[in-house]
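Data first, discussion second: the structure below is written as structure tokens.
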Amino acid sequence: MNQAVQFDMPESIPVTATTAHRPNILSRWLLKDAVQPAGPESAENMTRTHSWWKVMCLTGVDYFSSLSYLPGIAALAAGALSPVATLLIVALTLWGMLPMYRRVAKESPRGQGSVAMLERLLPFWQGKIFVLILLGFVVTSWIITITLSASDATVHLLENPLVPDALRGQNVVITVVLLLILGGVFLLGFTEAVAVAIPLVIAFLGLNAVIISVSLAAIISEPALAADWMSALTNSRGGLGDLLIPALLAFPLLVLGLSGFETGVSMMPLVYSTGASPEERLASRIRNTRKLLSGAALIMSVYLLTSSFVTTILIPPEAFAAGGEANGRALAYLAHEMLGHGFGTIYDVSSILILWFAGASAMAGLINIVPRYLPSYGMAPEWSRAVRPVVLVYTAISILITIGFGADVNAQAGAYATGILAMMVSGAVAVTFSAIRRRRRRSIVGYSVLTAILLYALVENIREKPDGIAISALFILGIVAVSLISRVTRTTELRADRIEFDQRARQFITDSLTHDGQLNIIAHRRQIGDGDEYAAKEREQRGMNPVPGAADVLFLEIDVVDPSEFRETLKVRGVEVDGHRVLRVSSPAAPNAIAAVLMALRDATGVRPHAYFEWSEGNPLSHLFRYLLLGRGDTPPVVREILREREADPTRRPGIHVGG
């Protein structure tokens, strides 16, 4: 018998990552900044934060940049009714989207967005698959935002009359270069991205204000222009229905101007907050994010209404048609026509830059939301939490998509619209269920109407451009495939961040060490849980396994809860049943929890624990699938494999004994 020892068991034991080699300078740089997981267990934000208006500029490069093309789309879709259709969008913005996302910010303050709200509706694997589908639409939306915005910037560049002829026809090459520069900015960090966004947004909004002001002055100085527009409305339309129906039909095309809200919520971790406690800082971040959302909505509403009004009155209808000088660039057309080619070129440069950097908003959204889920589910490598590696991945994907679409803006429009609208519908559904849960009758009615409106826009978009849903489906299938492969390859990880022992568990371990200086653990799956069951289990194990005759034994039980989860803090509770001492743990997977507890015991005590099992009955393949889906299977070989991968030295590895 080993000499008894005196030992005080620590309450908490961190699980440190295993590294096969010392990381080099490049690896440390790539993995330096990481995104925290979703949920209240995430640590305090480690990223440098910024004032809400600065983060608004980063989200606004996407939101505000739609001024470059949205007035032209509105005029082409609704003709003289363009301001009426735009008014519907503004009403939806202020009375629908803004309240909706202010609620989303309240209920997902760590930047998870509406995805987190919907995740709570479905348990276990159904919830995970549902989140993967939603993330597929999110990735579709934001990746296509990156590629489409860069492609649109290229179009604006090549349509300027001062551009050298040598560049014309080089859309793909120019767009790829823009994407590489964008990725380079994010490799430097979020602070650099915010620093670039602020002057771009200020300059772009300022130039648009000049164009709109000059245009309004021209309309005021020539009352006949507005009179002709009003005459066109009254002569070509009958009643109110004839006025509103064309505007409603154009509505699905214009709803894309609302694309910045989900991105704004996803960037909440970047928003500066104050407070003495984590709760106060979280409340401050919610308030400041709501300021961000409200500020962006009000600014955009004013610009949308005024830009739609002046472009509809001052630009000939034929100029909006495909191939026309104002097609997709109505305000640029006015800049050249009313302020000269010098000012027009300055505006073109501003439009090119903000359209190029509109992808920054989407990139920031991707960086902030996707790594909060997939690594936590075990459905992506742990390195995918780090910002710089995922920037490289997203940039590479964007380049491939750009090449595949030939940098064609129109070819990407369907997928862009589908992804954006699907995100909006998911947000509307999330806040509707939230209102139902809170029993807010007016909110239920309002959000239900909003859901119906956005669903109508989504269905219409799919009907008009079915290629968009096909592309979204490819993204969803890609995410599901990568996620499942990653989940399988990561099954033998310890899958625990920390092991915490309560006072009774620590006392049991200390008493066992005091008894004989050893730790002998009997793995047990509880049935009835009475004293006779534990007595029979101990006799059985002493008979089939080399448990020393006088050894003190502890039972280790794993209660599998939600096997779809992957990584969490394990809490070990000590329970005594008729003199039998039991260590109980709740975990998504039994083998991984057993291995983690054994390693924690070894690291904390310096004593090599021995664990005793019996072989499971049944087909090995069925055990494998049970383990992958339900967290249980043929436990002993999986525990040993996890320990083998974790500890290369067999003499330091916890002992695994299997009988039967």
Side-chain angles (χ1 to χ4, degrees), residues 23-35 58 61-62 132 135-154 170-190 192-193 196 263 266 355-375 379-409 411-412 415-416 419 468 470-486 489-490:
N24 55 35
I25 295 175
L26 178 61
S27 298
R28 289 197 297 271
W29 179 75
L30 284 172
L31 302 176
K32 180 181 177 182
D33 299 318
V35 175
L58 184 56
V61 287
D62 174 27
L132 291 182
L135 289 179
F137 284 113
V138 169
V139 172
T140 301
S141 167
W142 284 341
I143 287 287
I144 298 297
T145 296
I146 295 171
T147 59
L148 185 144
S149 297
S151 301
D152 204 9
T154 301
Q170 301 299 318
N171 297 56
V172 173
V173 175
I174 295 171
T175 304
V176 168
V177 171
L178 293 177
L179 291 173
L180 289 172
I181 297 172
L182 178 67
V185 171
F186 272 90
L187 287 177
L188 295 176
F190 273 109
E192 287 72 14
V196 173
T263 313
S266 74
L355 283 167
W356 158 65
F357 211 63
S361 176
M363 181 74 81
L366 284 167
I367 290 169
N368 271 299
I369 194 168
V370 176
R372 295 181 186 277
Y373 291 97
L374 296 188
M379 294 178 173
E382 199 61 28
W383 59 257
S384 64
R385 290 191 194 278
V387 171
R388 291 187 175 100
V390 298
V391 167
L392 293 174
V393 171
Y394 294 144
T395 302
I397 294 173
S398 299
I399 290 172
L400 291 175
I401 290 174
T402 296
I403 295 172
F405 281 111
D408 187 336
V409 174
Q412 301 174 67
Y416 172 72
I471 295 169
S472 296
L474 290 177
F475 273 101
I476 292 169
L477 289 175
I479 285 180
V480 170
V482 169
S483 298
L484 294 180
I485 292 170
S486 177
T489 57
R490 296 186 65 187

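For this chain, numbers begin at 1 and follow the sequence in order. This is a predicted model, so every value here is computed, not measured.
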Of all heavy-atom pairs linking Ser472 and Thr140, the shortest is OG-CG2, 3.3 Å
Which atoms form the tightest heavy-atom contact between Ile143 and Ser398, and what is the distance?
CD1-OG, 4.0 Å
Could you tell me the separation between the [atom1] atom of [X] and the [atom2] atom of [Y], rounded to the nearest 0.5 Å?
| X | Y | atom1 | atom2 | value |
| --- | --- | --- | --- | --- |
| Asp152 | Thr145 | CG | OG1 | 11.5 Å |
| Leu187 | Leu180 | CG | CG | 10.0 Å |
| Ile485 | Arg490 | CD1 | CZ | 14.0 Å |
| Thr147 | Gln412 | OG1 | CD | 3.5 Å |
| Ser149 | Trp356 | OG | CH2 | 12.0 Å |
| Tyr416 | Ile471 | OH | CD1 | 14.5 Å |

Are side-chain heavy atoms of [X] and [Y] found at a separation under 4.5 Å?
| X | Y | answer |
| --- | --- | --- |
| Thr154 | Leu355 | no |
| Ser151 | Asp408 | no |
| Val196 | Val61 | no |
| Val390 | Leu366 | no |
| Ile401 | Phe475 | yes |

Show your working on side chain to side chain contact (heavy atoms under 4.5 Å, CB included) between Leu132 and Ile476 and close with a plain yes or no.
CA-CA 7 Å; Leu132 291 182; Ile476 292 169; over 6 Å; no
Could you check Leu178, Leu58, Asp62 and say which one makes a side-chain contact (heavy atoms from CB on, under 4.5 Å) with Phe357?
Leu58
Looking at Ser483, is its backbone amide N or carbonyl O close enough to the side chain of Ser486 to form a donor-acceptor pair, meaning the two atoms are under 3.5 Å apart?
no
Please report the C-alpha distance between Ile397 and Ile146 in whole Å, then the side-chain angles of each, then the deciding distance to 0.1 Å, and finally whether the side chain to side chain contact (heavy atoms under 4.5 Å, CB included) criterion is met.
CA-CA 10 Å; Ile397 294 173; Ile146 295 171; over 6 Å; no
Test side chain to side chain contact (heavy atoms under 4.5 Å, CB included) on Phe405 and Val172; report intermediate values, then the result.
CA-CA 9 Å; Phe405 281 111; Val172 173; over 6 Å; no
Go through it in stages, so that I can follow the logic: the residues are Phe186 and Thr395, the test is side chain to side chain contact (heavy atoms under 4.5 Å, CB included), and I'd like the CA-CA distance, side-chain angles, deciding distance and then a yes or no.
CA-CA 10 Å; Phe186 272 90; Thr395 302; over 6 Å; no
